[in-house]
There are 2 protein chains.
Amino acid sequence: MEHEPGQPPVHNLSAAPGGAGDALRRQPQVSMADVAKLAGVSSQTVSRVSNGSPDVIESTRRQVIAAMNELGYRPNSAARALKRGSFRTIGVITFSLSSLGNMRTLEAIALHAARQDFAITLIPVTAPTQAGIQGAFSRMGELAVDAVIAIMEVHLLDAATVTLPPGVKVVVVDSDAGEQYSVVDTDQADGAHKAVRHLLDLGHETVWHVAGPEESFASERRAAAWRSTLTAAGKPVPPVLRGDWSADSGYKAGLRLADEPGCTAVFAANDHMALGLLRAFREKGKSVPEDISLVGFDDVPEASSYAPPLTTVHQNFADVGNQCVDNVLQQIRTNTTEPGVTLVPTELVIRASTAAPKGK
Amino acid sequence: MEHEPGQPPVHNLSAAPGGAGDALRRQPQVSMADVAKLAGVSSQTVSRVSNGSPDVIESTRRQVIAAMNELGYRPNSAARALKRGSFRTIGVITFSLSSLGNMRTLEAIALHAARQDFAITLIPVTAPTQAGIQGAFSRMGELAVDAVIAIMEVHLLDAATVTLPPGVKVVVVDSDAGEQYSVVDTDQADGAHKAVRHLLDLGHETVWHVAGPEESFASERRAAAWRSTLTAAGKPVPPVLRGDWSADSGYKAGLRLADEPGCTAVFAANDHMALGLLRAFREKGKSVPEDISLVGFDDVPEASSYAPPLTTVHQNFADVGNQCVDNVLQQIRTNTTEPGVTLVPTELVIRASTAAPKGK
DNA sequence: ACCAATCATGTTTGCGCAAACACTAACAAA
DNA sequence: TTTGTTAGTGTTTGCGCAAACATGATTGGT
């Protein structure tokens, strides 16, 4: 077996060139030509080695690699990108990263993309305004990304007259724009359904709901699923309380709910609001789960340390991220744009915040 | 005022070119030459307009911009980077993003960099191993970033034989490697000092400490400051309990602490562990702050909804991020590398989890 | 009217790389 | 032998842009 075909590209060269001297001005980069000269081959051969072409005889390859190491050669990705017309880069547009879910998703995206040798460029959007998004997409264009993953509410995306360079693929997270874009998201409806079903199965007459903000698709879909599950079970649908995802808003909702006589079961649209509810119930002298059962959504790491440990719907953010990358890469490879929705399943994690209602 | 000097670069061109047709293969990008032809000028003039050179007469500029818009021209950043030798990109290396602090810092970095027209490339490191870091830095080299911000424990950085291309600047967060690198970090010691001081001032005999993992510099510095504050006050120094930042580990520590007879005040190295402590104390029948006072660190958004609302040390992650970017940009501009430590102050947020000890 | 000093623009060049093609040597098939 | 055939390598070319320099068109000063 002389030189097996398709050797992996030679990356990861160590040993930077010497002392960089004065290091003012842009250091003359070591180019393929330099390596070629030292190795006594043509620069094209260096290119071939650098790209793992199988058509290089082993001895030559070794010489070239030796020369690369000696000079500390690093491929210049600008030139490479210029020539190839691709940076192997995916742009990720996000609003606030401060939501746990977004961050986890981003992390998974970055990891998964790296695995396939794609880099991630982060384009943060300051304000959820037309201008903000417009600017982000514009920057995208300049950055010559091969694809874009947008982690945001899609109605904002629509509002902006998106002017992506033609040929750039888009995947959207957290939206219902499956007809226009490729969408990947947690199966919100299924998760909410499981949560409500669980409470109903325990024997509760009905389930109250503390929803997230109206602008959030995730919130709206959880609410819709809550409602439809109740309706399907022939249970009354109590009025929706609305929070803003924060523990504080949950606390406020909890204060009201604690005074609601018939309320024995609550489904909070996320764990942080559930935390607020827990606090409110405690202050009002309602114990969980004896007086009121509570289910959250997200399964934040601390959920098991809430008092009591929270029954909640686990979201698999890593999977969402992976799916995004796979989807986008697929689009790049096949050069097609395929709208559609990919749903990532959830899992109900039952802990100590739910029980059968007292009377039963 | 005909044409004021130094007009801002023309970015943000709207109106993508028409229908992209079949859109297979790499779309022939609209180049400066195309714009030049349409505008009836040389491509150099287009370049000048694109870069906001003041040496272009207003009428010409308008023509060029019109042509740009008509064709949907977008500067090709690959070519630009090739020519200029800079991508205007900062690489950010992180381990897990799932820590609140890291993600907040990252967000601030992204926002602040964008403000100065720098892009962010995310380089995630899977495992805290030599190989992992090595790989990340290697990718950095290929990505031709102008600078690197490493959000990680620096001992890992040291362990890797870092081979960054010469001329790339580095800033490290969360480390004490101020002699080698430029370091930006929360003033951990001051924060911990404030926390302990607060408890002492309330009249507690001493303060117990639930530390983070030993590998963490943040954890170690908080612990050191806790110790020195006690010592300076002439108080006994109880043994350190050690957690791993998780609420669960805090819970376990809390179980032990609750049985400790003389323990009336605890300083937890982060809020999540404090949450676990709270739960343990509750289960053990110890009430906070009546029996035991507790201070956390981080000031996570939910801290105010803990039971009771947590007194904690607020970290200004946004500031850390901004400082990182400023620092790195400064290094790029002046082309110098200046080791040193920038400390971002903390703030003690007093809520309901601390009080004077019962006897007093 | 002359020259010089602007100013606005055009021309040439090459950044580093890899696609396309050209070439050579070695060997097999006819 | 001649003619492919292939494997390994070299040569040319141009990606899109902007620095450097060149040119032409205005000015203003004398």
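Reminder, nothing fancy here: chain letters follow the sequence lines and each chain counts from 1.
Each of Ser31(A) and Asp55(B) was matched to the nucleotide of DNA chain C holding its nearest heavy atom; the match closer to the 5' end belongs to Asp55(B).
Checked by distance alone, Arg48(A) brings a side-chain donor or acceptor within 3.5 Å of a matching partner on the base of dG10(D).
When the C1' atoms of four end pairs are superposed on the next four at each end of the helix from dA1(C)-dT30(D) to dA30(C)-dT1(D), using five pairs per end, the two resulting axes differ in direction by 50°, to 10°.
Within the 4.0 angstrom heavy-atom criterion, only backbone atoms of the sugar-phosphate kind lie near Val41(A); the bases stay farther away. Counting non-hydrogen atoms under 4.0 angstrom, Thr45(B) reaches the backbone sugars and phosphates but no base.
No side-chain donor-acceptor contact under 3.5 Å links Arg48(B) and Thr60(B). Side-chain contact check for Ser182(B) and Asn327(B): at least one donor-acceptor pair (N or O, by modelled atom type) lies under 3.5 Å.
When the nucleotides dT11(D), dA18(C), dG8(D) are ranked by their closest atom to the side chain of Arg80(A), dA18(C) comes out on top. Among the nucleotides dG10(C), dA18(C), dT9(D), the one closest to any side-chain atom of Ile57(A) is dT9(D).
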Atom pairs, N/O to N/O, protein against nucleotides 12-15 of chain D, distance under 3.5 Å?
from: dG14(D); atom 1: N2; to: Lys83(A); atom 2: NZ; distance (Å): 3.3

With the criterion being N/O to N/O and under 3.5 Å, what pairs connect the protein with nucleotides 22-25 of chain C, and how long is each?
none

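Distance, Met32(A) CE to dT11(D) C1': 13 Å, rounded to whole Å. What separates CD of Glu58(B) from C1' of dT9(C) is a distance of 16 Å, to the nearest Å. Atom pair Gln63(B):CD and dA8(C):P shows a separation of 15 Å (rounding to whole Å applied). The nearest whole Å value for the distance from the NZ atom in Lys37(A) to the P atom in dG16(C) is 13 Å. For Arg88(B) and dA18(D), the CZ to P distance is 12 Å, given to the nearest whole Å.
Put simply, the side chain of Met32(A) does not reach to within 4.5 Å of the side chain of Asn76(A), judged on heavy atoms. Side-chain contact between Thr94(B) and Met103(B) is absent, with no heavy-atom pair separated by less than 4.5 Å. The shortest side-chain heavy-atom distance between Leu106(B) and Leu106(A) falls under the 4.5 Å cut-off.
Residues passing the side chain to side chain donor-acceptor pair (under 3.5 Å) test with Asp55(B): none are found, sequence neighbours excluded. Residues that satisfy the side chain to side chain donor-acceptor pair (under 3.5 Å) test with Asn322(A), not counting sequence neighbours, are absent from this structure. Shown here are the salt bridge (charged side-chain N to carboxylate O under 4.0 Å, His left out) partners of Arg62(A), two or more places apart in sequence or in another chain: Glu58(A).
Asp34(A) places a side-chain N or O within 3.5 Å of a backbone atom of Ser31(A) that can act as its donor or acceptor partner. Thr334(B) places a side-chain N or O within donor-acceptor distance of the main-chain N or O of Gln330(B), the cut-off being under 3.5 Å. Between the side chain of Asp146(A) and the main chain of Arg88(A), a donor-acceptor pair closer than 3.5 Å is present.
Each of Gln44(A), Met68(A), Gln63(A) was checked for a side chain to side chain contact (heavy atoms under 4.5 Å, CB included) with Val49(A), and the lone residue meeting it is Met68(A).
Distances shown here put a side-chain N or O of Thr60(B) below 4.0 Å from the OP1 or OP2 atom of dT9(C).
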